[in-house]
Amino acid sequence: MLKLYNTLTNQKEDFIPIDTGKVSMYSCGPTVYSHIHIGNLRAYLTADILRRYLEYSGFEVRQIKNITDVGHLTDDDIDQGDSGEDKMEKAAKKAKKTPQEIARFYENYAKETENSMNILPAQFFPRATEHIPHMIAIIETLIKKGYAYESNGNVFFDIEKFKDYGKLSGNTLEALNTGARLSEPHPDKKNQWDFALWLKAPDNHIMKWESPWSVGYPGWHIECSAMSMEYLGETFDIHTGGEDNIFPHHEAEIAQSECANGVKFVNYWVHCRHLLFDGTKMSKSKGTFLTLEDIKEKGFSTEDLRITYLLSHYRSQMNFTWKSLEQAQKNRQTIETFLQRLNSFESINTPEGKNIDVNIFRQQFEDAMDDDMNTPLALSTLLALVTQTNTFMDDETLHNTSEINAFFTKACNALGITTKITQQNIPQEITTLAQKREEARTNKDYALSDELRDKIMQNGYEIKDVSDGFELKRL
Ligand code: AMP
Ligand code: ZN
């Protein structure tokens, strides 16, 4: 059974979903004012591995990932959601574009990047700007129930009213009061630690909406409460994000949602620790980040990057180095060569044929993944299977090829490692023969074309004509 470390309880817990066989999962998505970087990708990849492994284990997963296209202020990570500029508007002014143009551009970039990283797309990517009425409705409920108050067109959550405030991060009101004060608390707040649900927009603010309190815009935290509730219900199974989301963002989400609905918000909180670069957090706002393009420019593939993440546990801090990427690249090449070989190996069906006990490897793989997604251990189990199988293939004794192939492929899929034997894995001389055959066909020299097809087949490959050329496959 899968055990997950739950930030809410600070311990590993058996994962038991609300509905048998089904999992509801919300992942905090990108704020679309800049390129997503490989630090963000660690958070999305953690959620992807979790989803993939749940699916491997037989669950049906519904995953929602929001697009933050309004309300995330430049000082949100250090403040209580009421000071600084809107990140979208700041980027738009700089680029002389509208916030919407900026948002769509970086949303597409984020989705394309995830796709090339083989991250499964969420079933839905709701945008904050398209859920303003949902947020207003929750804020109205909070005011009605006495958990929020309006002041000069702004609305704040009154954290003194929620006795469980701090249960996720440990930042209770008492703990906050003993720490440093906020430099410039909003003048309309009762308590400096109250956080913004709605802010009145200054005249020059671009993104603003009518509301019962003012023409303004929502706080960042209320977005995720509104969108998760809309698509997953008042209580759902898993909420994911990076460790910087724990406070204030997720603490605030709990406060708003539990006070509005009167029920528990989320059962399991899963946070990945940060990806560091030169010893500090890789960060968009500080401009200290690498994108997927930077990785590719140095000759590494998206698969190499995925394996780099898998080589460290999601709950340990990961310092990005080019050396770690080189190590991952070697592992990727080992897996690729192995799959190519396994796919073309003819099982030994004579009395010399021997089986590898796949169940032992399956058990080790599942034990590792069940233990709070221990991907480094899971991957080393797969590499151990590669070593043993290679030995059996060297000795020409391997019998249960297809059983190994089936398990290996399924396990790789749970980690998001591609197992498709691609055209690039086909030896160059075979591709050259195929190109010559293509030329012959274009020149209507069918005798030569057939001759080349036979030659390709004699070398163990099949060629198929498709609309945009040809496809080669191992026989
Ligand atoms: P943002 O676009 O800044 O709202 O971040 C999107 C997601 O990426 C959030 O879940 C963050 O917690 C996560 N994230 C941001 N930076 C890092 C990092 N350096 N390492 C891991 N996760 C990160
Ligand atoms: Zn969020």
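Atoms within each ligand, like the ligands themselves, are counted from 1 in listed order.
Summarising the geometry, atom CD1 belonging to Ile404 is positioned 4.0 Å from atom OG1 belonging to Thr389; distances are rounded to the nearest 0.5 Å. Here Phe59 contributes atom CZ and Phe15 contributes atom CZ; the two are 5.5 Å apart, rounded to the nearest 0.5 Å. Going from atom NZ of Lys65 over to atom OG of Ser27 covers 5.5 Å, rounded to the nearest 0.5 Å. With rounding to the nearest 0.5 angstrom, the CZ atom of Phe247 is 10.5 Å from the CG atom of Leu168. In this structure, CG on Asn40 lies 12.0 Å from CG on Leu292, to the nearest 0.5 angstrom. Once rounded to the nearest 0.5 Å, the distance linking CG of Leu379 with CG of Leu311 reads 5.5 Å.
Between Glu243 and Arg273, at least one side-chain N (NZ, or NE/NH1/NH2) sits under 4.0 Å from a carboxylate O, which counts as a salt bridge. Between Lys3 and Asp370 no salt bridge is recorded (no basic side-chain N to carboxylate O distance below 4.0 Å).
Considering backbone and side-chain N/O of Asp244, one or more are found under 3.5 Å from N/O of ligand 1. Here's the thing with His274: none of its N/O atoms is less than 3.5 angstrom from an N/O atom of ligand 1. For a threshold of 3.5 Å applied to N or O pairs, the pair formed by Gly39 and ligand 1 contains at least one separation below that value. Residue-to-ligand polar distances place Leu275 within reach of ligand 1: an N/O pair is separated by less than 3.5 Å. Where the criterion is an N or O separation shorter than 3.5 Å, residue side chain and backbone included, Thr31 meets it with respect to ligand 1. Polar contact with ligand 1: present for Met282 (N/O pair, distance under 3.5 Å). For ligand 1, the polar-atom distance check finds no N/O of Arg273 at less than 3.5 Å from any of the ligand's N/O atoms.
For atom 3 (O) of ligand 1, the nearest protein heavy atom (residue, atom name, distance) is Lys284 CE, 4.0 Å. Here the protein heavy atom with the shortest distance to atom 16 (N) of ligand 1 is Lys281 CE, 3.4 Å. When hydrogens are left out, the protein atom nearest atom 9 (C) of ligand 1 is Asn245 OD1, 3.2 Å; that is the closest non-hydrogen contact.
The closest approach between His72 and ligand 1 falls below 4.0 Å for a heavy atom of the residue. Using a 4.0 Å heavy-atom cutoff, Ser283 is absent from the residues neighbouring ligand 1.
Both tests hold for Lys190 against Tyr149: distance to the six-membered ring centre under 6.0 Å, angle to the ring axis within 45°.
For ligand 1, the atoms closer than 4.0 angstrom to any heavy atom of Gly241 are 10 (O). Interface atoms of ligand 1 facing Pro30, defined by a heavy-atom separation under 4.0 Å, are 2 (O). Counting the atoms of ligand 1 from 1 in the order shown, those under 4.0 Å from a heavy atom of Ala43 are 8 (O), 13 (C), 22 (N). Interface atoms of ligand 1 facing Asn40, defined by a heavy-atom separation under 4.0 Å, are 5 (O), 6 (C), 7 (C), 8 (O), 13 (C), 14 (N), 15 (C), 16 (N). Residue-ligand proximity, His37 to ligand 1, at heavy-atom distances under 4.0 Å covers atoms 16 (N).
Here the two rings, on His271 and Tyr5, have centers that are 6.0 Å apart or farther.
A parallel orientation is assigned to the rings of His239 and Trp269, their planes being inclined by less than 30° (bins at 30° and 60°). Relative ring orientation between His134 and His131 is described as tilted, the plane-to-plane angle lying within the 30° to 60° band. A parallel orientation is assigned to the rings of Trp322 and Phe300, their planes being inclined by less than 30° (bins at 30° and 60°).
Distances from atom 7 (C) of ligand 1 to the heavy atoms of Phe289, Tyr44, Tyr106, Phe277 show the closest one on Tyr44.
Within a 6.0 Å radius of CD in Glu210, no more than 12 heavy atoms belonging to other residues, nucleotides or ligands are found.
Near the Zn ion (ligand 2), less than 2.8 Å away, sit the protein N, O or S atoms Cys28 SG, Cys224 SG, His249 NE2.
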Passes side-chain hydrogen bond (donor to acceptor under 3.5 Å, both in side chains), Glu303 versus Thr418? Steps please. CA-CA 8 Å; Glu303 196 90 327; Thr418 321; 3.1 Å; yes
